[in-house]
Amino acid sequence: MTDHTALHRTVLGWYAAHARELPWREPEAGPWAVMVSEFMLQQTPVKRVLPMYAQWMERWPTPAALAAAPSGEAVRAWGRLGYPRRALRLHAAATAITEQHGGEVPTDHAELLALPGVGEYTAAAVASFAHRQRHAVLDTNVRRVFARLVDGNEYPPTATTAAERRTANELLPEQPETAATWAVAVMELGALVCTARTPDCAHCPVAADCAWRLAGSPAYQGPPRRGQSYEGTDRQVRGRLLAVLRAADHHADVPQAALDAVWPDPVQRARALDGLVADGLVQPVAPGVYRLPG
DNA sequence: CACCCGTGGTC
DNA sequence: TGACCAAGGGT
C-alpha cells in the first residue's frame, strides 16, 4: 500500500510533455476509432498503421459500416499490415457490435473480452483509453517498463504472469481518469524511451528510481526468447497466396494456376491454402477457383 | 502453454 | 545478414 503519488506525477508530467499526437488519441476519436487502432497495432508498428488507419476510418467510420461490407473487403483493405486474421476478426467484432450491442462499442470489460479478436490487452485498452475506466493495461511496452523499473530485469517473462498483473494493479492510480492517462503514459514511455534494444535512460523521467539501472543494467538472464523465423514457413506461403487474392478485383475468381505460381513446393502450397480456407480468409468457389470471402 | 499467425524495419 | 522486434489473440 505504498504511496505512488510522486511516481504518478513524474510519469504523467513526462507524458504531458512528450506524448505523440496520434489520430486515435484525438478528442474526436471515439471507442470505435480506439478499437480499430488497437486491432491494427497488435504486433504492428505505429508508423505502418497510421496510413491504413486513416483509410479504414474514412471508409468504415462505424461498426455498422464495416459489418455491412463483405469480410473479404476487410481482408483486402488490410493490405500488407500483416496477420490478416486480424482483419477478419475486426469485421466479426463489428458484426457482433452491430447485432448484439446496438452498434455501440461495449463499455463493459467482460463484453469487450467476448468480442472476436479482443483479448486481455485489447479489452483493457479500449475500456481504459476510450471509456476512461480503471484497468491495468499490460502490453509489451508496459511489461518491459515494469520489469525494469520494479523488478530490475531487462525483459519481462515470456508470458504475462500473475505477479505482473499484481504490480500493474498496485501502481495503478485510484481515480479512473488518472488511471486511464497513467496507462497510456506508461505505454508511451516504453515505446519512446524504455525501448527493447537501446533504452534512452538519459532522458527517462524515472531513471533515478529504476531498479534495473540501480543494479547496473544487468544483461538479460532468463530463458532464450524464441525468435520468429519466417523464410520458408507456411506463413510466408500464406502471405504470398493472399497477396494474389487481394490483388484480384472484388469477386473476381482466381484460378489455381495463379496461386500455384507463388511457391514451388506443391505439398506446402496446398497446406497453406487449406489453412487459409480453414481460417475463412479464402473462399473456394469451385474446384480450382478461389476468391476472398463474401 | 508453446506454438502458430504477416510484414517490414533495424543493427 | 540473420536475428530481433513491433499497442496480441487463439488454440
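Residue numbering restarts at 1 for every chain, and letters A, B, ... go by the order of the sequence lines. The shown structure was predicted, so the numbers you read here are calculated from the model rather than taken from an experiment.
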Roughly how many Å apart are dC4(B) and dA7(C), using the P atom of each and rounding to a whole number?
23 Å
Are any non-hydrogen side-chain atoms of F146(A) and N153(A) less than 4.5 angstrom apart?
no
Would you classify T122(A) as touching base, sugar-phosphate or nothing, given that sugar-phosphate means primed atoms plus P, OP1 and OP2, and contacts are heavy atoms under 4.0 Å?
sugar-phosphate
May I ask you to say what W78(A) touches in the nucleic acid, namely base, sugar-phosphate or nothing, with a heavy-atom cut-off under 4.0 Å?
nothing
Contacts of E120(A) and R225(A) projected onto DNA chain C by closest heavy atom; the upstream (5') one is R225(A)
Just checking R246(A): base, sugar-phosphate only, or nothing, at a heavy-atom cut-off of under 4.0 Å?
sugar-phosphate
Taking any heavy-atom pair under 4.0 Å as a contact, classify G82(A): base, sugar-phosphate, or nothing.
base
Is the shortest heavy-atom distance from the side chain of T195(A) to the side chain of N141(A) under 4.5 Å?
no
Atom C1', compared across dG10(C) and dC1(B): separation rounded to whole Å
12 Å
Are R225(A) and Y155(A) in a cation-pi contact, defined as NZ or CZ under 6.0 Å from the six-membered ring centre and within 45° of the axis?
yes
Looking across every strand, which nucleic acid part, if any, lies under 4.0 Å from R25(A) by heavy atom: base, sugar-phosphate, or nothing?
base
Produce the list of close N/O pairs, under 3.5 Å, pairing protein atoms with atoms of nucleotides 1-4 of chain B; give distances to one decimal.
none

List the steps, then state whether side chain to side chain donor-acceptor pair (under 3.5 Å) holds for R132(A) with T181(A).
CA-CA 8 Å; R132(A) 313 306 296 173; T181(A) 305; 2.9 Å; yes
Describe the nucleic acid contact of L242(A) in one word from base, sugar-phosphate, nothing, applying a heavy-atom distance below 4.0 Å.
nothing
Toward the 5' end of DNA chain B, which comes first, R80(A) or T233(A), by nearest nucleotide?
T233(A)
Fit a plane to each ring of H109(A) and H135(A), take the angle between them on a 0 to 90° scale, and name the class: parallel (under 30°), tilted (30 to 60°) or perpendicular (over 60°).
parallel
Distance between the C1' atoms of dC5(C) and dT1(C), in whole angstroms?
16 Å
Quick one: does any side-chain atom of R269(A) pair with a main-chain N or O of W263(A) as donor and acceptor, under 3.5 Å?
yes
Mutual orientation of the aromatic rings belonging to W78(A) and W56(A) [parallel < 30°, tilted 30-60°, perpendicular > 60°]:
perpendicular
Between the CD atom in E154(A) and the CD atom in Q221(A), the distance rounded to the nearest 0.5 Å is 10.0 Å
Of all of residues 35-55 of chain A, which get a heavy atom below 4.0 angstrom from DNA chain B, listed by number?
Q43(A), T44(A), R48(A)
Identify whether any heavy atom of V137(A) sits under 4.0 Å from a base atom; if not, whether one sits that close to sugar-phosphate; answer base, sugar-phosphate or nothing.
nothing
Walk along DNA chain C from 5' to 3' and tell me the first and last nucleotide with an atom closer than 4.0 Å to a non-hydrogen atom of chain A.
dC4(C) to dG10(C)
With distance as the sole test, does D279(A) use its side chain to make a donor-acceptor pair with the main-chain N or O of L281(A) at under 3.5 Å?
no
At under 4.0 Å between heavy atoms, what does A196(A) touch on the DNA or RNA strands: base, sugar-phosphate, or nothing?
sugar-phosphate
Is there a side-chain contact between R148(A) and R143(A), using heavy atoms and a 4.5 Å cut-off?
no
Verdict with supporting geometry, E73(A) and R59(A), salt bridge (Lys or Arg N to Asp or Glu O under 4.0 Å):
CA-CA 11 Å; E73(A) 280 306 286; R59(A) 183 172 181 183; 2.9 Å; yes
Toward the 5' end of DNA chain C, which comes first, V184(A) or L113(A), by nearest nucleotide?
V184(A)
So which atom in R144(A) and which in A191(A) form the shortest heavy-atom distance, rounded to 0.1 Å?
NH2-N, 4.4 Å
